[in-house]
Amino acid sequence: MASKKSKANGIVQYLSFVMLVLGVATFVMLFMGMLKDSGDGIHKGTAVVFGSEFKLFIVSLKFKFNILGFLAFLLPLLAGIISIFPVKKKSRNIKFLICALLFIVGAILIFLMPSYTKVYFAIGETSTTYDASFKLAIGAILGGVFAILGGLTSLGAVVLK
């Protein structure tokens, strides 16, 4: 019969794999619809985070590189990768607390994305910031949920010791 410690170690290894999957799933949501604007347009995460420009004759809408948006999806991915690295038993709780922090900060940044995303509107040479009153689309919602689940899984690994 296996001891309680070996069962806990097996469960912690399983939870580490689950955290990796949740971190990768959060990052993959970057390639789905991220924000809905007031005109029912859905903008992909890559366009919102890395920047893009939409032109129609002399009118253009532009997203610039968004560092907070990039961190929103990078932090959960890093947490998932960190979770699978082996560490000494004494440091395992610290590792999982760091992973939980990264997942939770990533989730907060994802859910706050409409408030810090700016669109630049230009007609010819004149440019101004345009408030498009964005709402979260399915990619952002799923990414935030996956990041929260990753944070809860990390905290569960801390409790199991």
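Residue numbers count from 1 along this sequence.
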Locate the shortest heavy-atom distance separating A157 from M19; write the atom from each residue and the value. CB-CE, 4.2 Å
Quick one: do F111 and L136 satisfy side chain to side chain contact (heavy atoms under 4.5 Å, CB included)? Show the steps, please. CA-CA 8 Å; F111 286 127; L136 295 174; 3.6 Å; yes
Same hydrophobic cluster for V18 and F85, using side-chain heavy-atom links shorter than 4.5 Å among ILVMFWY? yes
pair Y116-N66: side-chain heavy atoms closer than 4.5 Å: yes
What's the spacing between L15 CG and T153 OG1 if we round to 0.5 Å? 6.5 Å
Nearest-0.5 Å distance, NZ of residue K44 to OG of residue S52: 11.5 Å
L68 CG to I108 CD1 distance, which is reported to the nearest 0.5 Å: 12.5 Å
Under 4.5 Å between side-chain heavy atoms, hopping through other hydrophobics if needed: is there a path connecting L30 to L71? yes
Check whether any side-chain heavy atom of L109 lies under 4.5 Å from a side-chain heavy atom of F73, and answer yes or no. no
Could you tell me whether K95 atom NZ has more than 12 heavy atoms of other residues or ligands within 6.0 Å of it? yes
Working to the nearest 0.5 angstrom, can you tell me the gap between L97 CG and R92 CZ? 12.5 Å
Give the minimum heavy-atom separation between I82 and C99, together with the two atoms involved. CG2-SG, 3.7 Å
Aromatic Y120 / basic K64 pairing, under 6.0 angstrom, 45° off normal: yes
Heavy-atom check, side chain of F103 versus side chain of S154, under 4.5 Å: yes
How close do L149 and L22 get, heavy atom to heavy atom, and via which atoms? C-CD1, 3.7 Å
I'd like to check L35 versus P114 (side-chain heavy atoms, cut-off strictly below 4.5 Å). Are they in contact? yes
Please tell me whether V145 and V24 are part of a single hydrophobic cluster in this structure, the criterion being side-chain heavy atoms less than 4.5 Å apart. yes
Side-chain heavy atoms of K62 within contact of F121, under 4.5 Å: no
Cluster link L112 to I104, ILVMFWY, side chain under 4.5 Å: yes
Any heavy-atom pair between the side chains of F63 and V119 that's under 4.5 Å? yes
Are I98 and F17 connected in the hydrophobic side-chain network, where two residues link if heavy atoms are under 4.5 Å apart? no
State, yes or no, whether a side-chain contact exists between F50 and V48 at a heavy-atom distance under 4.5 Å. no
Considering non-hydrogen atoms only, spot the tightest contact between M34 and I42 and give its length. N-CG2, 4.4 Å
Smallest heavy-atom separation, A107 atom then I148 atom, equals CB-CG1, 3.7 Å
I need the T117 OG1 to H43 NE2 distance, nearest 0.5 Å. 10.0 Å
Of the non-hydrogen atoms in M29 and G139, which two are nearest, and what is the gap between them? CB-O, 3.3 Å
Hey, does the side chain of S16 reach the backbone of S83 with a donor-acceptor pair shorter than 3.5 angstrom? yes
Measuring from atom CG of L75 to atom CZ of F27, what distance do you get when rounded to the nearest 0.5 angstrom? 11.5 Å
Hey, what's the ring geometry for F65 with F70, parallel, tilted or perpendicular (30° and 60° as the breaks)? tilted
Could you check whether any side-chain heavy atom of L77 comes within less than 4.5 Å of a side-chain heavy atom of T26, counting everything from C-beta outward? no
